[in-house]
Structures are given as C-alpha cells and as structure tokens.
Amino acid sequence: MKKALLLLLVVFGAMGGLKAQDQGDVRIHVLGQYGLKFDDAGIGAGVEYFFAEKFGLMPSYTQIFPEVGNSSNFSTDLRYYLSTGKSQVYLMAGYSLTFENTQPGTAGTKRQLSGANMGVGAVIPLTEWVGLSTEFKFQSQGFAQTYFRFGLAFPL
C-alpha cells in the first residue's frame, strides 16, 4: 500500500515535466499490450510525430505472443489530443495490418488481416524526459479484439 501511494505521489508530482505537443515534436513509444478477448500479450514500439497542433501520427509495430503460432501487427494511428496540459488525453483512429501464422512449419496457415482501429488514451508525464502512455484500442480485423496498451513515451 505504501508503494502504491508513493507511486501516485511521484506521478502526480511530476505532471508538469513532459512538454505539450507542438507541431514538429516527436516521441518514441515503447509499449506492451494485452488482448482483452483472447489474453494475447505483446510488446512493441512506435514513433509519434506531431504534424499539426493537437494532431499526431503514430506508426507502431507489435509482436504478439498467442498460445499457438505467432502473430505481429503494424498500425498507423491518427491521434487528436483533447487536452495539452498535464494529462494529455487523446482520441485515435487508424489502419491496422496483422500477420498470423497459426501453425508454424505447415503450409497454408499464414494469413494477413487488415482493418480499422479506434480508441482513447492518455500520456501522463513522469519526468521531463519520460511519460506513462496508456490506451484502450479496438481493432476490427480478425476476431475484433480490444487491447489495453501501456508503456513509456520519450520526447526527442
């Protein structure tokens, strides 16, 4: 309990550190994700570029670890930031391409699925050079799964 309280104090105490997004800014994201429908975990990375005030474009790659086979995902998401203050909340929509191989080593088991993404997220500053990034993201392709994504954002 003391550790959780200390973590909350550190998070809220450092809220002013991560700078607001301005045109031309770039962030590197390192993330983990968890599929809420099929319990698929994954790790990935992305680069977010702010091409206009309050608008960011983030391509990302995620390696997913299903129980059987292997899977990966490439997404490109457009983010619109509702707030630019201490807690940066955004809405996102984009395109996603998933590569699956349900039985590695067997012919005819690979497939590609494409579809839309939509979701909501937030970036919360921890220090001046790192922020906590969280997101709920629905992907329409394949089994239409919602993912919880979490990680760190590093401004450049």
Scanning both residues in full, the closest heavy-atom pair of Pro59 with Phe74 reads CB-CZ, 4.1 Å
Hey, is the main chain of Ser71 close enough, under 3.5 Å, to the side chain of Gln63 for a donor-acceptor pair? yes
Nearest heavy-atom contact between Ser114 and Tyr95 is CB-OH, 3.1 Å
Closest non-hydrogen atoms of Phe154 and Trp129, given as atom of the first, atom of the second and distance, are CD2-O, 3.5 Å
Would a 4.5 Å heavy-atom cut-off, applied to side chains only, mark Leu78 and Phe51 as touching? yes
query = Is the shortest heavy-atom distance from the side chain of Pro66 to the side chain of Glu100 under 4.5 Å?
reply = no
Can you tell me if Ser96 and Asn73 form a side-chain donor-acceptor pair at under 3.5 Å?
yes
| said: Please tell me whether Leu31 and Val47 are part of a single hydrophobic cluster in this structure, the criterion being side-chain heavy atoms less than 4.5 Å apart. | reply: no
Check: His29 and Glu135 side chains under 4.5 Å, non-hydrogen atoms:
no
| said: Please confirm whether the ring centroid of Tyr81 lies under 6.0 Å from the ring centroid of Tyr90. | reply: yes
For Phe65 and Gly42 the tightest heavy-atom approach is CD1-CA, 4.0 Å
Quick one: does any side-chain atom of Ser133 pair with a main-chain N or O of Ala153 as donor and acceptor, under 3.5 Å? no
Only residue of Asp25, Leu57, Val26 satisfying side-chain contact (heavy atoms from CB on, under 4.5 Å) with Phe50 is Asp25
**Item:** Check against side-chain contact (heavy atoms from CB on, under 4.5 Å), Asp77 and Glu48
**Value:** CA-CA 9 Å; Asp77 300 321; Glu48 183 176 20; over 6 Å; no
| message | Can a donor-acceptor pair be found, under 3.5 Å and without considering hydrogens, that links the side chain of Gln145 to the backbone of Lys37? | response | yes
**Asked** Can you tell me if Tyr34 and Asp40 form a side-chain donor-acceptor pair at under 3.5 Å?
**Response** no
